[in-house]
Structure formats: structure tokens, C-alpha cells
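First comes the structure, then the notes that go with it.
Here the structure is a predicted model, which is why all the values come from computation and not from measurement. By convention in this document, chain letters (A, B, ...) are assigned in the order of the sequence lines, proteins followed by strands, and residues within each chain are numbered from 1.
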Amino acid sequence: GAGVSQSPSNKVTEKGKDVELRCDPISGHTALYWYRQRLGQGLEFLIYFQGNSAPDKSGLPSDRFSAERTGESVSTLTIQRTQQEDSAVYLCASSLYGGVEQFFGPGTRLTVL
Amino acid sequence: TQLLEQSPQFLSIQEGENLTVYCNSSSVFSSLQWYRQEPGEGPVLLVTVVTGGEVKKLKRLTFQFGDARKDSSLHITAAQPGDTGLYLCAGARSGNTPLVFGKGTRLSVIA
């Protein structure tokens with residue numbers, strides 16, 4: 001019964017570089033969410049996957065952000081040409097089909113220099 | 001974007017005191033969740049309330065969902081240093097939809 005895992009836990013990158021963040025959801029959870037938490041702020045929704053349905057990308061802040069998920073397993077969030085304002089903690093959560101309760105991973109702290 | 005307003009933003013109290021955190025919105029939610037987050041970790045779910053007027057108790061923590069399902073409160077009795085952390089409320093419009101989060105209440109309980 002492992003929880004949601006994310007890697008890396010910390011990532012420091014230079015402005016303009018691309019980064020990939022990974023999320024392993026809880027086994028059996030069909031729904032997967034990405035959120036962003038800026039310093040001193042609440043969580044901001046980015047993108048949501050449910051099974052094999054088309055993802056809800058309505059929260060992505062720009063076309064530099066994209067995410068993929070293969071079936072009901074691992075997801076990767078990619079940020080291209082990173083900017084300093086992308087610095088934040090990126091959190092992944094998963095839930096059962098139809099469930100309201102979301103379970104979060106520890107997050108990836110991204111710092112763009 | 002529907003927002004949840006949390007108050008207060010910061011709270012520093014002495015061990016043994018009581019406190020209440022509020023979460024308000026102009027929108028109706030099908031359920032509301034409370035999370036606690038510690039530094040360097042993801043939010044941990046404390047409770048989910050789904051029925052208007054519902055009250056749930058978790059040891060010294062009491063959670064209430066407003067009758068109209070637009071607001072909620074978290075009351076802590078006899079706070080302890082272990083209660084220190086960031087408390088977040090989050091609303092869901094239905095199952096398997098993105099949560100709308102408040103900005104959180106940062107609680108510090110001093111021994």
C-alpha cells in the first residue's frame with residue numbers, strides 16, 4: 001500500500017532549460033491530478049487525467065506546460081523553457097474513480113535560477 | 001475561478017488554547033475537505049464533509065459544513081504543539097473533479 005510518489009524531490013535548473021517531473025499514483029487510482037503551490041499560496045490546479053479519457057488541461061498556465069499519462073500509471077509533467085515564475089512546489093494527487101478524496105505525494109520543489 | 005477564502009491566514013497561540021479556522025465561498029460545493037500540510041511534505045487529508053450541516057469530530061478537531069454547503073469551519077480544542085502546520089480547505093464540485101483550494105491558515109502552537 002504505497003502512497004503517491006514523486007521524483008525528483010528537488011530540482012534546480014537554469015532559466016530556459018526544460019524539466020520533467022514524475023508522479024507514481026496509488027495503485028488502482030484511475031484519476032491523477034497535478035497542482036502547483038507557490039510560496040505562501042494555496043494549491044493551483046494544473047491538469048487532470050481520468051482513465052483513458054482526454055485530460056482536462058484547463059489549468060495549465062501556458063503552452064510551455066504539458067503532461068502525459070500512460071493508462072492508469074505514471075504521469076510526467078514537462079515544463080519547457082523554464083522561467084523564474086515557474087519556481088514552486090509541484091504536487092501530484094490521485095483518487096479512486098468517482099472519489100472526492102485526493103491523496104497527495106510529497107511534491108517536487110522546482111527552483112529556476 | 002471559484003475561490004475559497006480562509007481566515008485567519010496566520011495564527012499563533014499558546015498550548016491549551018482553542019481556535020477556529022474559517023473557510024468561505026460564494027459557491028456551493030458537493031463536498032469539502034480539510035488537509036494539513038507540514039514543511040517539505042504534501043497535504044494530508046484530515047476529513048471530508050459532504051452533507052450540509054454535517055459535523056465531524058476527529059479527537060480534538062471538530063469540522064462543520066455549512067447548511068448551504070458554501071462554508072466550513074475547523075475548531076481545535078486545547079491546541080498542542082503537534083497541531084502546528086498549514087491547514088488547507090478544498091472544495092469539490094463532484095467526484096473526480098479538480099479541487100479548489102483556499103490559501104491556507106498557518107498555525108503555530110507555542111509550548
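Contact annotation for A:Q102: both backbone and side-chain heavy atoms come within less than 4.5 Å of a heavy atom of chain B. With a 4.5 Å cut-off on non-hydrogen atoms, A:E44 does not touch chain B at all. Both the backbone and the side chain of A:L43 come within less than 4.5 Å of a heavy atom of chain B. Of the two parts of B:E41, only the backbone, made up of N, CA, C and O, holds a non-hydrogen atom closer than 4.5 Å to a non-hydrogen atom of chain A. For B:L88, the part lying near chain A is the side chain, with the backbone staying farther off; criterion is any non-hydrogen pair under 4.5 Å. Neither the backbone nor the side chain of A:I47 comes within contact range of chain B; no heavy atom of the residue lies under 4.5 Å from a heavy atom of that chain. Only the side chain of A:D56 comes within less than 4.5 Å of a heavy atom of chain B; its backbone N, CA, C and O stay farther away. Looking at A:Y97, the atoms closer than 4.5 Å to chain B (heavy atoms on both sides) sit in the backbone and in the side chain alike. Contact of B:Q6 with chain A is not made at all, since no heavy-atom distance falls under 4.5 Å.
Ranking B:P43, B:A90, B:G40, B:A92 against chain A, the residue ahead of the rest is B:P43, based on heavy-atom pairs under 4.5 Å. Contacts with chain A were tallied for B:G42, B:G104, B:P98; B:P98 has the most, counting heavy-atom pairs under 4.5 Å. Among the candidates B:L86, B:L99, B:L45, the residue making the largest number of heavy-atom pairs closer than 4.5 Å to chain A is B:L99. Most heavy-atom pairs under 4.5 Å with chain B, from the set A:G99, A:G107, A:A31: that is A:G99.
Between A:L96 and A:G28, the shortest heavy-atom distance links the atoms CD2-O, 3.9 Å.
Heavy-atom neighbours of B:Y22 OH from other residues, nucleotides or ligands within 6.0 Å: at or below the threshold of 12. Heavy-atom contacts from other residues, nucleotides or ligands closer than 6.0 Å to CG of A:L113 number more than 12. In this structure, B:E38 places its CD atom where more than 12 heavy-atom neighbours from other residues, nucleotides or ligands lie under 6.0 Å away.
Panel note: side chain A:S87, backbone A:V112; a donor-acceptor pair is recorded below 3.5 Å. Counting only distance, with no hydrogens or angles, the side chain of A:T108 and the backbone of A:P8 share a donor-acceptor pair below 3.5 Å. Judged by distance alone, the side chain of A:R38 and the main-chain N or O of A:E85 form a donor-acceptor pair under 3.5 Å. The closest donor-acceptor contact from the side chain of A:R64 to the backbone of A:Q80 lies under 3.5 Å. Judged purely by atom type and a 3.5 angstrom limit, A:S94 has no side-chain atom pairing as donor or acceptor with the backbone of A:L32.
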